[in-house]
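A short worksheet on the structure shown next.
All residue numbers in this chain count up from 1 along the given sequence. FYI, side chains are in, hydrogens and waters are out, and symmetry mates aren't considered; it's all heavy atoms of this structure. As the structure is a prediction and not an experimental result, all values here were calculated from the model.
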Amino acid sequence: MREFLEIGPRGLELAHRALQSGQHRVPRAAAQLLAPLGDPQKVICVGLNYHDHCQEQAAKVPKEPLIFSKFPSAITGPFDDIVHPQDTSELDWEVELAAVIGKRGRHIEEAAALQHVLGFTVANDVSARDWQMRRNGRQWLLGKTFDTFCPLGPAIVTKEAVADVHNLWIRCSVNGQRMQDSNTCHLIFGVPALVAWVSRFVTLVPGDILLTGTPAGVGVFRKPPVFLKVRGNGGSGGAGGTADPTGCGCHRVPPSQRGDEVQCEIQELGTICNRVV
């Protein structure tokens, strides 16, 4: 996919022609959707970037974007499992709008930033809160980058197909129970501002992924805190023994092995659904 994106507009034109031809199609049930980008050069993340997320933890609204990263090896498919590491007991969810870079740039002006964005997709910034907040010197990287900690998909929606990326509802449910329900209009720093800011420090290249932050409703700031569970122990939403409560197509496994099911969805971009194992 990175090689395809590096072709630029010509590549998109060829893809559109292939789509219009009606050929080379397979039934959805016969295909396994992988992450739309599995090997980006960079996965760049933003913390504290929704007003309501700052409010839920009594944090000051940042004056500059708070940037961290995940390793690309954290990426997994839109309907693949999230592996619960033995090293954490505080596994949490974060639905996020992800922007995909389509054009190389450094020191990009905010007014021109969207010219460097190919499109958008849905991400879950899965987080081990104990490692993020108390261990590893309180640097966030290890708590954010375990394998499978970045479900991504179901597709890249080109920016031209999105009416207003800063006015989309964004939601996350666990076992069918709504946990996050907000709108991208509550972003503190919008996509152009983030692209311009990050490009001050690094060169952005086609395929780079920019996770733009999560709204209120994460598990760690609930009272009492709620964390994702695995293997038939009831789960955070108490639905451990029910059969596919969200109906989103996650893997069906025996009740004794069934963990929490996390569904992340963004208006116009689609839904991803991942089981904790």
Side-chain angles (χ1 to χ4, degrees), residues 45 47-59 68 70 74 76 78-97 122-136 138 140 142-151 169-183 186 211 213-248 250-251 253 255-266 271-277:
C45 307
L48 294 175
N49 198 33
Y50 276 80
H51 288 281
D52 53 2
H53 186 46
C54 292
Q55 292 168 1
E56 74 173 341
Q57 55 187 296
F68 62 99
K70 288 177 177 280
T76 193
F79 305 110
D80 290 342
D81 293 330
I82 297 168
V83 178
H84 192 307
Q86 295 181 350
D87 299 282
T88 183
S89 59
E90 299 181 2
L91 192 66
D92 206 350
W93 58 85
E94 290 191 6
V95 60
E96 304 207 9
L97 167 73
V122 182
N124 184 355
D125 179 13
V126 181
S127 305
R129 299 301 188 189
D130 38 7
W131 282 94
Q132 177 192 358
M133 296 180 169
R134 297 190 302 278
R135 304 186 65 176
N136 193 43
R138 297 186 179 180
W140 291 7
L142 291 185
K144 294 284 190 173
T145 205
F146 283 92
D147 288 356
T148 74
F149 269 27
C150 190
W169 52 252
I170 177 170
R171 298 169 179 163
C172 177
S173 299
V174 177
N175 301 331
Q177 179 179 345
R178 186 69 51 80
M179 296 297 193
Q180 293 179 277
D181 191 350
S182 190
N183 191 289
H186 299 303
L211 275 62
T214 198
V218 297
V220 69
F221 297 121
R222 292 178 174 269
K223 296 180 173 44
V226 177
F227 297 113
L228 297 170
K229 305 296 182 183
V230 68
R231 291 196 177 276
N233 57 4
S236 63
T242 63
D244 197 16
T246 66
C248 68
C250 287
H251 305 297
V253 294
S256 61
Q257 301 178 19
R258 197 173 283 140
D260 286 333
E261 183 178 275
V262 187
Q263 178 172 305
C264 297
E265 52 185 336
I266 301 178
T271 301
I272 62 176
C273 186
N274 307 89
R275 177 80 66 182
V276 180
V277 300

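At least one donor-acceptor pair closer than 3.5 Å links the side chain of Asn274 to the backbone N or O of Asp80. The closest donor-acceptor contact from the side chain of Asp92 to the backbone of Phe227 lies at 3.5 Å or more, if one exists at all. Panel note: side chain Lys70, backbone Phe149; a donor-acceptor pair is recorded below 3.5 Å. Side-chain atoms of Asp130 come within 3.5 Å of backbone atoms of Ser89 as a donor-acceptor pair (strictly under, hydrogens ignored). Distance alone, capped at 3.5 Å, places no donor-acceptor pair between the Glu94 side chain and the Val218 backbone. In this structure a side-chain-to-backbone donor-acceptor pair under 3.5 Å is missing from Thr148 to Thr76.
Residue Tyr50 comes nearest to Asn183 through the heavy atom pair CE2-O, 3.4 Å, listed as atom of the first residue, atom of the second, then distance. Nearest heavy atom pair, residue Glu261 against residue Cys273, reads CG-SG, 3.6 Å. Across every non-hydrogen atom of Gly259 and Asn175, the tightest pair is O-OD1, 4.5 Å. Ile272 approaches Phe79 most closely through the heavy-atom pair CA-CE2, 4.2 Å. Closest heavy-atom contact between Pro151 and Ile82: CG-CG1, 4.0 Å.
Note that the SG atom of Cys150 and the CG atom of Asp125 stand 7.0 Å from one another [nearest 0.5 Å]. For the atom pair CD1 of Ile170 and CD of Glu96, the computed distance is 7.0 Å after rounding to the nearest 0.5 Å. Between the CD atom in Gln263 and the CD atom in Gln177 there is a gap of 13.5 Å [rounded to 0.5 Å]. Phe146 CZ to Gln86 CD: the interatomic distance, rounded to the nearest 0.5 Å, is 10.5 Å. For the atom pair Thr88 OG1 and Leu228 CG, the distance stands at 10.0 Å (nearest 0.5 Å).
Side chains of Leu91 and Val126 form a contact here, defined as non-hydrogen atoms less than 4.5 Å apart.
Side-chain contact check for His53 and Gln57: at least one donor-acceptor pair (N or O, by modelled atom type) lies under 3.5 Å. For the residue pair Ser127/Lys144, the side-chain donor-acceptor check at 3.5 Å is satisfied.
Looking at residues two or more places apart in sequence or on another chain, you find a side chain to side chain donor-acceptor pair (under 3.5 Å) between Gln132 and Arg129.
The side chain to side chain contact (heavy atoms under 4.5 Å, CB included) with Val122 is formed by just one residue from the set Cys264, Cys172, Pro78; it is Cys264. Paired with Gln180 under the rule side chain to side chain contact (heavy atoms under 4.5 Å, CB included), one option of Asp52, Val174, Thr214 passes, and it is Thr214.
With respect to Asp260 and Lys229, no salt bridge is recorded, no charged nitrogen being found less than 4.0 Å from a carboxylate O. Look at Arg135 and Glu90 and you find no salt bridge, because none of the NZ, NE, NH1 or NH2 atoms lies under 4.0 Å from a carboxylate O.
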Exercise. May I have the step-by-step check of side-chain contact (heavy atoms from CB on, under 4.5 Å) for Trp93 and Val226, ending in yes or no?
Key: CA-CA 10 Å; Trp93 58 85; Val226 177; 4.0 Å; yes
Exercise. Please test Asp181 against Arg171 for salt bridge (charged side-chain N to carboxylate O under 4.0 Å, His left out), starting from the C-alpha separation and ending with a verdict.
Key: CA-CA 4 Å; Asp181 191 350; Arg171 298 169 179 163; 3.4 Å; yes
